[in-house]
Amino acid sequence: QVQLVESGGGLVQPGGSLTLACAASGSIYSISLMGWYRQAPGKQRELVSMSTSGGASNYTDSVRGRFTISRDYAKNTVSLQMNSLKPEGAAVYFCYERVRAHSLTWKNYWGQGTQVTVSS
C-alpha cells in the first residue's frame, strides 16, 4: 500500500510564491515518475510538471520559467516551487507518482489534492 500526501496549498496574491510538497509512504521499492497535475473548476486535469527517473524535468508551457520541480530521493518526496503565480493558476493540485512496490508491480498513485488560490 502506498499513500501520497500533499501539503503547502493555500491563498497567495498574484505574483506571489507558494511551494507544494508531496510525501510518499508505504511499501515502496522504487519510484520512476513524480510530478504534479492540477484541475480547475470545469476543466480537465492537466499536467503541470513531471520529473522522470532519469532526472529530467518537464513543464507545461504555461508554467515554464516560473515553476520548479524537485525530488528528494532519500525521503520519497517531490516538491513544486511556484513563483509569479497568476489567477489562472488557481486549482486543486494533485501529486502523482508511479511506484514499484516491494511486490515488484508498478502502479500509479495520486494524492488527495491541495487547493491553491490566487487572488488579491
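Just the heavy atoms: all of them, side chains too, but no hydrogens, waters or symmetry mates, feed the values below. Nothing here was measured: the structure is a model prediction, and the numbers come from that model.
Summarising the geometry of Leu4 relative to Ala24, their closest heavy-atom pair is CD2-CB, 3.4 Å, with the distance given to 0.1 Å. The two residues Ala91 and Gln115 come nearest to each other via the heavy atoms O-NE2, 3.4 Å. Leu80 and Ser49 make their closest contact through CD1-CB, 4.1 Å (heavy atoms, listed as atom of the first residue, atom of the second, distance). A pairwise comparison of heavy atoms in Trp106 and Ser30 identifies CH2-OG, 3.6 Å as the closest pair. In plain terms, the two heavy atoms of Asn76 and Ile28 that are nearest each other are ND2-CD1, 4.0 Å. Scanning all heavy atoms of the two residues, the minimum distance from Gly111 to Phe94 falls at O-CD2, 3.6 Å.
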Verdict with supporting geometry, Met82 and Val116, side chain to side chain contact (heavy atoms under 4.5 Å, CB included): CA-CA 10 Å; Met82 304 182 292; Val116 173; 4.0 Å; yes

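Remark: Leu47 CG to Trp36 CH2 distance equals 12.5 Å, nearest 0.5 Å. Rounded to the nearest 0.5 angstrom, Met50 CE and Tyr37 OH are separated by 3.5 Å. The distance from atom OG1 of Thr52 to atom CE of Met34, rounded to the nearest 0.5 Å, is 12.0 Å. With values rounded to the nearest 0.5 angstrom, Gln39 atom CD is found 7.0 Å from Gln44 atom CD. Rounded to the nearest 0.5 Å, atoms OG1 (Thr77) and CD1 (Ile31) are 9.0 Å apart. Summarising the geometry, atom CG belonging to Asn108 is positioned 8.0 Å from atom OG belonging to Ser32; distances are rounded to the nearest 0.5 Å.
Panel note: side chain Thr19, backbone Gln81; no donor-acceptor pair is recorded below 3.5 Å. At distances below 3.5 Å, at least one donor-acceptor pair connects side-chain atoms of Arg66 with backbone N or O atoms of Ser84.
Cation-pi geometry between Arg98 and Tyr109 is not met: the NZ or CZ atom fails to fall both under 6.0 Å from the ring centre and inside 45° of the normal.
With hydrophobic clusters built from ILVMFWY side chains whose heavy atoms lie under 4.5 angstrom apart, Leu20 shares a cluster with Val12.
In this structure, the side chains of Leu85 and Ser17 stay at 4.5 Å or more apart for every pair of heavy atoms. Within the 4.5 Å cutoff, side-chain heavy atoms of Glu97 are placed close to those of Val78.
Using bins of under 30°, 30° to 60° and over 60° for the plane-to-plane angle, the ring pair Trp110/Tyr96 lands in the tilted bin. Using the six-membered ring where Trp is involved, Phe67 and Tyr93 have ring planes that are tilted, between 30° and 60° apart.
When only modelled atom types and interatomic distance are considered, Ser57 and Ser51 share no side-chain donor-acceptor pair under 3.5 Å.
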